[in-house]
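Because the structure is a prediction, the values reported are computed rather than measured. Excluded from the calculations below are hydrogen atoms, water molecules and symmetry mates; all remaining heavy atoms, backbone and side chain alike, are included.
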Amino acid sequence: NDYEKIIHQRTNTTPFNLVPQEEGAGVTVRVMKPLDAAELSLETVYEKFHPSVQSFTDVIGHYISGERPKGIQETEQMLKVGTALTGVGELVLDNATIKLQPPKQGMPYYLSDVDFDTLLQKQESNVRFWKILTVVFGFATCAVLFFILRKQYRHHRERQHLKQMQDEFRQAQERLMRETNAEGGETLKNACVICLSSTKSCVFLECGHVCSCSECYRALPEPKRCPICRQGISRVVPLYNS
């Protein structure tokens with residue numbers, strides 16, 4: 001992996017003025033803190049690459065450390081005299097001098113080599129991009145929340161339905177036990193877990209539970225699920241008791 005790091009950086013600034021392109025105009029604007037401005041593109045006037053000279057000891061040390069320097073890139077950039085600039089910032093009248101400086105409210109400060117209309121269109125396109133991105137992520141967030149809440153609501157409904165069925169089954173069992181004890185009879189063996197009056201006559205697949213008679217199976221709501229494990233019923237095999 002290649003990476004770059006700044007070893008040394010030196011900045012020299014010279015005060016300069018912005019003057020209109022029309023000849024004979026006597027209005028000048030003094031630019032303050034130009035390096036704080038965005039969109040400022042400096043022209044590269046000098047560039048030289050110095051490759052590193054490595055000895056055998058350096059090679060061993062670089063092999064151990066895992067880093068091997070390729071060299072030093074020396075670059076010099078400047079803003080040439082006569083460059084056309086568009087300045088957007090805060091204008092201040094100081095005695096007889098008009099100064100362009102960064103706004104105190106924290107608003108953007110621009111020094112660009114494009115004209116004002118192009119700079120404005122660029123900023124408006126950035127604003128539209130972020131607006132569209134915000135709307136897209138907002139809709140995506142709402143959709144995800146809707147599906148999560150819908151899924152939780154369906155699980156809650158299924159749990160309530162299962163609890164209701166279990167309560168009804170327990171009440172039916174208690175009622176049957178009371179009737180059986182009152183009549184002195186015996187409980188029906190292999191009774192259907194739903195009606196508790198008929199004999200189990202169905203094998204549910206793929207779960208394999210034998211818990212229902214054919215009449216109660218036909219009465220199950222769609223999609224049909226096993227009353228014991230709530231797994232979907234793909235097919236039913238009749239059960240014959242000998």
Side-chain angles (χ1 to χ4, degrees), residues 1-138 140-141:
N1 297 321
D2 295 335
Y3 71 95
E4 297 179 358
K5 64 179 180 180
I6 298 177
I7 298 178
H8 175 71
Q9 183 175 4
R10 184 177 62 186
T11 304
N12 296 326
T13 60
T14 301
F16 64 95
N17 297 333
L18 295 180
V19 297
Q21 295 181 353
E22 296 82 5
E23 296 293 337
V27 179
T28 61
V29 178
R30 174 64 59 88
V31 178
M32 309 299 296
K33 300 180 180 179
L35 297 180
D36 294 344
E39 304 287 338
L40 179 62
S41 58
L42 302 178
E43 183 178 351
T44 301
V45 296
Y46 176 78
E47 188 173 8
K48 185 177 181 180
F49 179 74
H50 304 277
S52 62
V53 180
Q54 302 177 2
S55 62
F56 179 76
T57 306
D58 295 334
V59 172
I60 297 298
H62 298 157
Y63 179 79
I64 296 175
S65 64
E67 294 183 354
R68 181 174 63 88
K70 293 183 178 181
I72 297 177
Q73 180 77 21
E74 186 178 357
T75 305
E76 184 177 353
Q77 296 176 331
M78 67 171 53
L79 184 64
K80 289 185 176 181
V81 177
T83 304
L85 288 179
T86 300
V88 179
E90 183 181 32
L91 288 176
V92 178
L93 180 60
D94 186 7
N95 295 329
T97 305
I98 301 177
K99 295 182 179 180
L100 178 67
Q101 62 185 15
K104 296 183 176 60
Q105 294 81 7
M107 300 177 65
Y109 178 40
Y110 295 102
L111 283 176
S112 177
D113 56 354
V114 299
D115 56 6
F116 179 76
D117 294 334
T118 306
L119 181 62
L120 184 61
Q121 291 176 2
K122 183 178 180 181
Q123 302 306 317
E124 288 178 348
S125 63
N126 291 335
V127 171
R128 284 195 298 269
F129 170 76
W130 284 109
K131 285 183 179 179
I132 294 173
L133 197 64
T134 302
V135 172
V136 169
F137 274 101
T141 304

Just how far is it from atom [atom1] of [X] to atom [atom2] of [Y], taken to the nearest 0.5 Å?
| X | Y | atom1 | atom2 | result |
| --- | --- | --- | --- | --- |
| Gln123 | Thr118 | CD | OG1 | 11.5 Å |
| Ile7 | Ile72 | CD1 | CD1 | 4.5 Å |
| Ile6 | Gln73 | CD1 | CD | 12.5 Å |
| Lys48 | Glu76 | NZ | CD | 13.0 Å |
| Thr13 | Leu79 | OG1 | CG | 12.0 Å |
| Phe16 | Thr83 | CZ | OG1 | 9.0 Å |

Closest heavy-atom contact between [X] and [Y]?
| X | Y | value |
| --- | --- | --- |
| Thr44 | Gln77 | OG1-NE2, 3.3 Å |
| Phe49 | Gly71 | CZ-CA, 3.8 Å |
| Pro102 | Met32 | CD-O, 4.1 Å |
| Arg30 | Pro15 | NH1-CB, 3.9 Å |
| Ser41 | Asp113 | OG-OD2, 3.1 Å |

Report summary line: Of Ile64, Ile60, Asp58, Val59, the one forming a side chain to side chain contact (heavy atoms under 4.5 Å, CB included) with His62 is Asp58
pair [X]-[Y]: side-chain heavy atoms closer than 4.5 Å:
| X | Y | result |
| --- | --- | --- |
| Leu111 | Leu100 | yes |
| Ile132 | Phe129 | no |
| Leu85 | Val31 | no |

Main-chain N/O of [Y] paired with [X] side-chain donor or acceptor, under 3.5 Å:
| X | Y | value |
| --- | --- | --- |
| Gln101 | Tyr109 | no |
| Thr28 | Asn17 | no |
| Thr86 | Val114 | yes |

Query raised in the report: Near Glu4 CD, under 6.0 Å, is it more than 12 heavy atoms from other residues, nucleotides or ligands?
Result: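 No, because the 6.0 Å sphere around CD of Glu4 holds 12 heavy atoms or fewer from other groups.
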Query raised in the report: Taking atom OH of Tyr46 as the centre, does the number of heavy atoms from other residues, nucleotides or ligands within less than 6.0 Å exceed 12?
Result: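 More than 12 within 6.0 Å, yes.
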Query - Note: Asp2-Lys70 ion pair, threshold 4.0 Å (strictly below) - result: yes
